[in-house]
Amino acid sequence: MSLEIDLATGLLYLLVFPGFAFLFTYALAAEYVDRKLYARLQNRVGPPPLQPLADFLKLLAKESAVPENATERIYRAAPLTGLAGVLTAMLYIPVWSEAAAMSFEGDLVVVLFLLSLPSFSLFFGGWYSGNVFSQVGTTRTITQLFGYEIPFFLACFAPAVAAGTLELSGIVAFVGSNPAYVLVFAPAFVIGLLSLQAKLERIPFDAPEAESELATGALAEYSGRKLALFRLTKDVELVVGAALLSALFLGGPYPVGSIEGIAGAALGIAVFLVKTLAIVAVLSVLKGVLARLRIEQVVDVFYRWLVPIGLVQIGLVLAVGLYAEGLL
Amino acid sequence: MSEDVSGTEIPVGPQHPSLKEPANFTLTVDGEVITGADLKLSYNHRGIEQAVLSKSYLENIYLLERICGICSHAHTTSFAIGVEDLLDLDVPRRANYIRTLIGELERIHSHMLWLGVAGHEIGFDTLWQYAWRDREIVLDLLEEITGNRIHYSINTIGGVRQDLTDEQRETVLEKMDELEERIDFYLETVPNEETVRMRCENVGTVSAELAREYCAAGPVGRASGLPVDVRRDAPYAAYDEMDFDVITDTAGDLLARTTVRIREIAESIKIIRQAAADIPDGDLKASPKPVQALLAQIPEDDAVSRYEAPRGELIHYIRADGTDTPERVHIRVPTLANWPTVVEALRGSYIADTPIVVAGIDPCISCTSRIGVETDGSHGGEDSFNLEELREYGMEWYDERADGGSVTGESGIDRGDRP
């Protein structure tokens, strides 16, 4: 009996909440917020709320061609792997309370790995599409990956070091009970935001897809259904990335995380939405006020500035930890 | 020029998102660095110089206006000045003031457009949207004065076709205040924005020597420190009565070209204010006689007229044979003078800089379109023709289409015209 219940809840998590159905809806909603805010910053009207959905459906209905030069299997598989990766990652991130849908010691590492999948799927899809723009774009994707992953990992490990666990639920619980740590994590949060922006290949780190140079880079040959999946992956990645940052640096569902029952869960979700949308908004503003950097400037920013700051952050967390223990 | 270097070849154009009109750059790249660049133009040859020969001088004003949607007034003024020179007409001061006013409004609209495009090319879409919003101020003014946003059709041989009313003068002065605020804002923010600096500083640098050697014109030359400006060097219209500075910079990079253009907008505002405030009373045309009657007297002679278009020096050469159509009209557009600096600046820069380096000269590609003439036989390829072959090819091309009856059937639909 309990196996069936486990299976049922598992499927519920996977397909409805916080899995596919919720993520799909929320990702498109987040895309709307992003596009609308970006448009308002530029003095444009911006799209209506259902525009992201309309775009998605329209792309689904379009012809999804495979170029002659492409390596067909990889080209077809790439959009799916990335999307699968980010959808799975969400299961390990706490949404409505400090407990995630699934968790185990070390799930932070799994989430970080799963969040890298879209970049790799973009690389494989673009590289094997046989287009020269895509190949330059994918080279940049990988170069950029090497740029942001290290500072991103450093930033994400700072709360883990402070909490003494690699389990996201444990980290959320730790930050929830020591809210002052949010201030200690501020530099890591900034690194996390910038790295997430780079992961999503958004301005100022959109050199890999730079439409005015590379005609969207890796995606140049993609069309129809496969392009729709790539775009959905970007949206979901935005939401999952924001959720991860919110869990690691902003205390996840806190200050309401400890309330029991349905009301607590609903409040937790509300807090989750507020925090993630705030992160999305910050990323949109960043997109609105900066110009695109060249790829070597991107790597420069990450290695010269963010890696040292990340290292200092880890040192700071250790020092604060020692200080707190000394007081105890 | 790219045979001796190895590496991936990236074709930029003729269809490419960063190009608003068809041109082709074949970039040879080593990783992200461009090691060689090759330029192909003339994907959109319209044969205007030939078409001009079959139209009367008066009709030609409107044909030449359509060379370019951005410097339309530049072409008509330049042509009109040339023909007036041939006819020995004295354009009234009031008409000259109006020409100057429209010319400067056009310069602002062109520079603002460029600023937006430049923003887009470096991935700064917010700047693009802002610049184009503020460009509407001048477009509205132009529409109010001439009735059109782009093709003003205000010039005629011997003067202008429309007067400037006192109300319009006031609106112009008011709007200039509004625009000046915006320009101050751009002058303050754009060159100081960190990411803009990162993308533009020391990018696409053209030294003063190189600019002089290649005869760079307009803002490109001025940003490299060449104080070239036809408005100052050989004043036409009412520029000899205007007080303005020729803006120069010494850096020669894209940041310098950006600031030079923004500061030129400020100078244009200055000129527009003077023109609107001090416009003298008087006639709009040199002679009360119909223009056709004047043109009947055109002598067998030739004239060269120069005009400082927003992109640089524009030259019209007009040869009259005493009939009602010109014998030859040759147009040297400023973009043609600036292309060599682009090819030179591209070499050694990053792929990522291509769009902004190309856009940096504010290229008008369809203006530059010319049929290439083989001189040394070194550019042969499947696309190369001699005159006989070209004629054959043309006949075949049209025959093929005539056979299917598609010429009559689809002529109205399949034009493929650009806006």
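We name chains A, B, ... by the order of the sequence lines, and we start the count at 1 in each one. Heavy-atom basis, side chains included; hydrogens, waters and symmetry copies ignored.
- No side-chain heavy atom of A:Ile295 sits less than 4.5 Å from a side-chain heavy atom of B:Tyr350.
- For A:Gln42 (side chain) and B:Tyr130 (main-chain N/O), no donor-acceptor pair under 3.5 Å exists by modelled atom type.
- In this structure, the portions of B:Glu121 lying under 4.5 Å from any heavy atom of chain A include both its backbone and its side chain.
- In this structure, B:Phe124 and A:Leu290 have side chains that are not in contact, with every pair of non-hydrogen atoms separated by 4.5 Å or more.
- No part of A:Gln135 comes within reach of chain B, as not one of its non-hydrogen atoms sits under 4.5 angstrom from that chain.
- Looking at B:Val203, the atoms closer than 4.5 Å to chain A (heavy atoms on both sides) all sit in the side chain, from C-beta outward.
- With a 6.0 Å radius and a threshold of 12 heavy atoms from other residues, nucleotides or ligands, B:Glu188 has its CD atom at or below the threshold.
- Between B:Asp125 atom CG and A:Lys287 atom NZ the span is 9.0 Å, to the nearest 0.5 Å.
- Interface remark: B:Arg133 contributes side-chain atoms only to the contact with chain A (heavy atom separation under 4.5 Å).
- Ranked by non-hydrogen atom pairs under 4.5 Å with chain B, the options A:Val132, A:Leu293, A:Asp206 are led by A:Leu293.
- Annotation: side chain of A:Val289 is not in contact with side chain of B:Thr126 (no heavy-atom distance under 4.5 Å).
- The contact between A:Ile203 and chain B is made entirely by side chain atoms (from C-beta outward), counting heavy-atom distances below 4.5 Å.
- In the displayed structure, A:Arg44 atom CZ is contacted under 6.0 Å by more than 12 heavy atoms of other residues, nucleotides or ligands.
- Put simply, the side chain of B:Ile351 does not reach to within 4.5 Å of the side chain of A:Arg294, judged on heavy atoms.
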